[in-house]
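Here the structure is a predicted model, which means the values were calculated and not measured. First listed ligand is number 1; within each ligand, the first listed atom is number 1.
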Amino acid sequence: MLRRHPWIFSGAVQKVEGSPKIGETVDVVSASGGWLASAAYSPESQIQARVWTFDRKTTADSEFFRARIGDCIAARRTQGLDIPEGACRLIGAESDGLPGVVVDRYGDWLSGQFMSAGAERHKGDIAAAMLELTGCKGFWDRSDSDIRAKEGLVPHSGLLLGDEPPEFVEIDERPARFLVDIRNGHKTGYYLDQRDNRRAVGAHCQGQDVLNCFSYTGGFGVTALLGGAASCLNLDVSAPALDLARRNVELNGLSGENVEYRVADVFAALREYRDENRTFDVIVLDPPKFVESRNQLQQACRGYKDINLSALRLLRPGGLLFTFSCSGLISDDLFQKVVAGAALDAGRDARIVRRFTQAPDHPVALNFPEGSYLKGLLVQVM
Ligand code: SAH
């Protein structure tokens, strides 16, 4: 509490006075009776309360949400991150002082996730303030993640406020354009955290044969092609994601003749290419989160090592591996060790030439280090 971390674990709670309802705002008081914070009560969760404010004079009402949301939007705008035709994470939960609330803007539409009991309780106020402050046309609720169960909430998705979004929303990600499926896409529809890293990949692809693993809707593939890639092979287990990847390639005015799409498990496909002696100049590995809790850490490391090892083997001399992990529980250090182990076992001399992190519209509050989750390395093999 004294470090202003926004989570209060159940083990730290001596007693609950009265009978607050799920998501209701409660006062957090120290053992000696001093007021500490105002927080949302999550009786079902191990995180029993999430702090709205450490300021006693502030009440978590609609004015409070409006003001905090205004600050979040202004912070992005001063950095030039919130271009109207583009897409931007406007609210990044704990890191933006709004625990459990994630809101992304895609063009004229907002797509949000309410992942905590407190967030759920106030979602009406939050959506109204967001529409008013952004001028967007509608707010679509994508609170359909299983994580909600930990908070005693059922998954839900649908229109929350305003107009229905179209089937696909087009966003300008400069230099690329993408179609986003707000209703059915992953998370809020798209992976904005990789925006800058997609650009970085594009800058290294002139004349290169690129393998884009875990391609989703083709993000890294499109920037690679815009950057002059000779060819691009997109791999994903999801056929609908690859269908949209194909449309995204077209949307960017690319011929598509040098692009392949393959519905496949990356683990198996990389082994197959090895058997076929197929090689590449650039490989992108952007897998989903492999680890949700500490007891999965070892298994996750094995997974990361497996794909990195297989990918390193397929690179031509001088080739580049863009390798990412979005598992918050895997530290930068640990990730680097896993990739180093993979290079060793692959028998490749390799060095780190760049490091990547999440885009600046996904900030990390200094009192919430858990907000840092995306890490990446650009590794060059000799
Ligand atoms: N790079 C993308 C985001 C990747 S998200 C972007 O920049 O937008 C992770 C993707 O991995 C998802 O599309 C998911 O369908 C896919 N995926 C998960 N497990 C997989 C597996 N074993 N093999 C292939 N694809 C997988």
### Task
For atom 17 (N) of ligand 1, state which one of Asn248, Val237, Leu192, Asp193 supplies the nearest heavy atom.
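The nearest heavy atom belongs to Val237.
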
Within the 4.0 Å heavy-atom shell around [X], which atoms of ligand 1 are there?
| X | value |
| --- | --- |
| Phe220 | 1 (N), 7 (O) |
| Asp265 | 21 (C), 22 (N), 23 (N) |
| Tyr191 | 3 (C), 5 (S), 8 (O) |
| Ser215 | 2 (C) |
| Val266 | 21 (C), 23 (N), 24 (C) |
| Tyr216 | 2 (C), 3 (C), 4 (C), 8 (O), 13 (O) |
| Arg198 | 6 (C), 7 (O), 8 (O) |
| Ala264 | 23 (N), 24 (C) |

Distance to 0.1 Å, residue and atom name: give those for the protein heavy atom nearest to [atom].
| atom | result |
| --- | --- |
| atom 18 (C) of ligand 1 | Pro288 CG, 3.5 Å |
| atom 4 (C) of ligand 1 | Phe214 O, 3.2 Å |
| atom 9 (C) of ligand 1 | Asp286 O, 3.7 Å |
| atom 13 (O) of ligand 1 | Asp236 OD2, 2.7 Å |

Check the orientation of [X] and [Y]. Use parallel for under 30°, tilted for 30 to 60°, and perpendicular for over 60°.
| X | Y | answer |
| --- | --- | --- |
| Phe267 | Phe214 | perpendicular |
| His122 | Phe65 | tilted |
| Phe368 | His5 | tilted |
| His362 | Tyr373 | tilted |

### Query
Arg89 pairs by side chain to side chain donor-acceptor pair (under 3.5 Å) with which of Asp96, Asp82, Asp104?
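One option only clears the test, and that one is Asp104.
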
### Query
Is Glu44 salt-bridged to Arg148, cutoff N-O under 4.0 Å?
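Salt bridge absent between Glu44 and Arg148.
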
### Message
Between Glu250 and Arg247 (salt bridge meaning N to carboxylate O under 4.0 Å), is one present in this structure?
### Response
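Answer for the salt bridge query: no.
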
### Option among Val222, Asn248, Asn252 that satisfies the side-chain contact (heavy atoms from CB on, under 4.5 Å) test with Arg177
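Among Val222, Asn248, Asn252, the one meeting side-chain contact (heavy atoms from CB on, under 4.5 Å) with Arg177 is Asn252.
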
### Message
Here's a test for you: under ring pair (Phe, Tyr, Trp, His ring centres under 6.0 Å), which of Tyr261, Phe178, Tyr191 qualifies with Tyr216?
### Response
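The passing option is Tyr191.
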
